[in-house]
There are 2 protein chains.
Amino acid sequence: MLTIKKIAEMAQVSRTTVSRVLNDSGYVSEEARKRVLAVIEETGYVPSQHAKSLRTKKTKVIGVILPKLSTETSGRIVNGMNDVFQEHGYQILLTSTNLDVQKEMEYLRLLKSRQVDGVILIATNINSKLKEEINQLNLPFVAIGQDISGVSCVTYNDYEAAKAMTELLIAKGRKNLAFIGVDESDRAVGYDRKQGFIDAIKKHGLLLREEWMEKGKFDIESGYEAMKQIIHKAGGGPFPDAVFGVTDRIAIGAMQFLREKGLQIPKDISVAGIGASEISRFVHPPLTTMDYENEKAGQQAAQILLEQINTNKEREKKVKLNYRLLERDSI
Amino acid sequence: MLTIKKIAEMAQVSRTTVSRVLNDSGYVSEEARKRVLAVIEETGYVPSQHAKSLRTKKTKVIGVILPKLSTETSGRIVNGMNDVFQEHGYQILLTSTNLDVQKEMEYLRLLKSRQVDGVILIATNINSKLKEEINQLNLPFVAIGQDISGVSCVTYNDYEAAKAMTELLIAKGRKNLAFIGVDESDRAVGYDRKQGFIDAIKKHGLLLREEWMEKGKFDIESGYEAMKQIIHKAGGGPFPDAVFGVTDRIAIGAMQFLREKGLQIPKDISVAGIGASEISRFVHPPLTTMDYENEKAGQQAAQILLEQINTNKEREKKVKLNYRLLERDSI
DNA sequence: AAATATTGTGGAATCGATTCCACAAACATA
DNA sequence: TATGTTTGTGGAATCGATTCCACAATATTT
């Protein structure tokens, strides 16, 4: 393997001088510099990052923990982060937990052992053990999506977004609202959005029907099933005239079922989701949804992390992002 | 920082012994082992991967170069790779070129400097410079999506897939086929698929109309524009009764334009794509497309790479994956 | 011409692990 | 008891860079 020592020999200078050329530090005569650069060019020498990191304690690598690779949301967030990190010469080391909470902790340790300069966690379910692990991580850290006490977080305004969407449905004259959520262990998506829905219903003095509130699992199929349940429970009695799915995919699954049932959207029933997935534009009719601007979340998180890295201060910074309503024909 | 030396002191053994406990190598008395493990548990010590890699020349990191983060295809491929790598304790270091060919080379070097154990390139456009860079990379390497001479590749059967799809349209009784491709510098998507289309047309003795062959750019908008051009050129004369877009998004863009024009799909005109994007199932009508099983491509590439890493042989292995037709209502 | 300031270079320690080797202790065998 | 074998441990070199420090060679000032 090509090392700094060999290069030094070939250029007839010392290792120190080569290092100086590489890092633009200290005094190097123009002549020596030229010779070194020539040899580097010639040999294609690339300094070992490991040796460098060992010495400098900096790796220029950011660890990112995703709940699931290749979901649209993850992709967008990572994209946003990448914009910022790339600009500053940082690489992303990706890990995916596939929704396994145990792995989240495992990866935190792993990333630490790789001496990443910082960690970004795209969080779903937060338990106290994980919190503890994070707090004693002692590394620049930012969470996205969930509010975790004691660390910097970039979160969405889930409560307000859900409330606003529900109020929009009500403003459209809908009075019998159904709801499809997810498990409340996901505080942001499961709990906050549900509360937003409930509070909007209450605020407007409408009837909150527990039997019209179902749980899905983030995918289209579960939205379909949940909708089926709701319709089943409604039986021949009063019937929902709107359904709010906490994710686009859930809403789209619901739409599928409704269409099969021969119901017209939005004439018979309105449908709304959250997430502004690309697919939401192309279903029929186009789905009304909330854009969370995930790229921005990624960018913000990256910026906050870089700030932490550069200032060495571990400030607990909280950023709550805005949502943007995309009103389309489904309501 | 916690080092092996400190642990050794605390456990009252030598550094060597700690290392042996960590790596299950050499003789360690039960007593010494217990003490060491206790201290490690207590302190939460995690060995530095850099020091380790410096010594062992193994990083357990695979560099992945993507053309674009967060496209559905990339996501699926990375997902597939991750399945395999995770199982073997490898991490993925992600880089994205955002379609900048210059960056592809830059990242190859960068990954080398990080001493990744191998590199997977999801290729789009291959020029000779890049080929050269790859050949002198001297690292386990696999390309996905494009066939590059001299290195292992996992490719799709683009020619046959496009030909088969075209023949399906012909079998449905369509005779006036339009085509929306992409730039041919992307050999697989741009050139091979186009050839498949052309050869199918010729084989069946149909008329190949150059003016009905347009170029798009992978996104929905460009499919829309390309379709507009084709219709414009057709003017009042003979009119296409089918259009084949080389990606689902292009096809969907075309569908959008056709619908706006008041044309009925598939009554007036058939539409087909390639890629089996999720969205293809939910447009109206559902799009006929080819499933390339990208996860499998990622898995295969990962397996081939691991083989190269483990055997140290640099065999040039070529895998061509099959396609699967998904016939839906758009034709 | 002597004293001082500025530049360029190499020696050597260092980062945190692994691993070869030598040695010592414990045990078994003749 | 003397000898050989098995185990357990630590010393020290090593991986490939960075960086402090000392020194030498110039250049500049008195």
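Here is how names work: the chains are called A, B, and so on, in the same order as the sequence lines, proteins then strands, and each is numbered from 1.
The distance from atom CG of B:Leu2 to atom P of C:dA17 is 8 Å, rounded to the nearest whole Å. Look at CZ on B:Arg15: it is 15 Å from P on D:dT14, rounded to the nearest Å. Distance B:Glu9 CD to C:dG16 C1': 14 Å, rounded to the nearest Å. Atom pair A:Arg55:CZ and C:dA13:C1' shows a separation of 8 Å (rounding to whole Å applied). Taking atom CD1 on B:Ile4 and atom P on C:dC15, their separation rounds to 14 Å, with Å as the unit. Rounded to whole Å, the distance from NE2 on B:His50 to P on C:dA17 is 11 Å. When the P atom of C:dT7 is taken as reference, atom CZ of A:Arg33 falls 14 Å away, rounded to whole Å. Look at CG on B:Leu54: it is 13 Å from C1' on D:dA13, rounded to the nearest Å.
Residue pairs that meet the ring pair (Phe, Tyr, Trp, His ring centres under 6.0 Å) test with at least one member in residues 105-153 of chain A, sequence neighbours left out, do not exist here.
DNA chain C lies under 4.0 Å from at least one heavy atom of each of the following residues of residues 17-26 of chain A: A:Thr17, A:Arg20.
Distances shorter than 4.0 Å separate none of the side-chain N or O atoms of A:Tyr27 from OP1 or OP2 on D:dT19. The side chain of A:Lys57 contributes an N or O atom lying less than 4.0 Å from OP1 or OP2 of C:dG16. The side chain of B:Lys58 places no N or O atom within less than 4.0 Å of a non-bridging phosphate oxygen (OP1 or OP2) of C:dT18.
A salt bridge is absent between B:Asp117 and B:Lys60; no separation between the charged side-chain nitrogens and carboxylate oxygens falls under 4.0 Å. A salt bridge links A:Arg76 with A:Glu72: the distance from a Lys NZ or Arg NE/NH1/NH2 to an Asp or Glu carboxylate oxygen falls below 4.0 Å. Of the charged side-chain nitrogens involved, none lies within less than 4.0 Å of a carboxylate oxygen, so that B:Arg315 and B:Glu307 do not count as a salt-bridged pair.
Side-chain atoms of A:Ser29 lie closest to C:dG8 of the nucleotides D:dG8, D:dA17, C:dG8.
Mapping B:Ser14 and A:Ala51 onto DNA chain D by nearest heavy atom places B:Ser14 at the nucleotide closer to the 5' end. Between A:Glu30 and A:Thr16, it is A:Glu30 whose nearest contact on DNA chain C lies nearer the 5' terminus.
Of the residues listed (B:Gln308, B:Gln300, B:Glu316, B:Lys317), the one engaging B:Ser152 in a side chain to side chain donor-acceptor pair (under 3.5 Å) is B:Gln308, and it is the only one.
A:Lys5 comes within 4.0 angstrom of no nucleic acid atom, judged by non-hydrogen atoms across all strands.
If you take CD on B:Gln86 and NZ on A:Lys103, they are separated by 4.0 Å, rounding to the nearest 0.5 Å.
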Subject >> Steps toward salt bridge (charged side-chain N to carboxylate O under 4.0 Å, His left out) verdict (A:Glu133, A:Arg109) >> reply: CA-CA 9 Å; A:Glu133 189 86 26; A:Arg109 291 226 185 111; 3.1 Å; yes
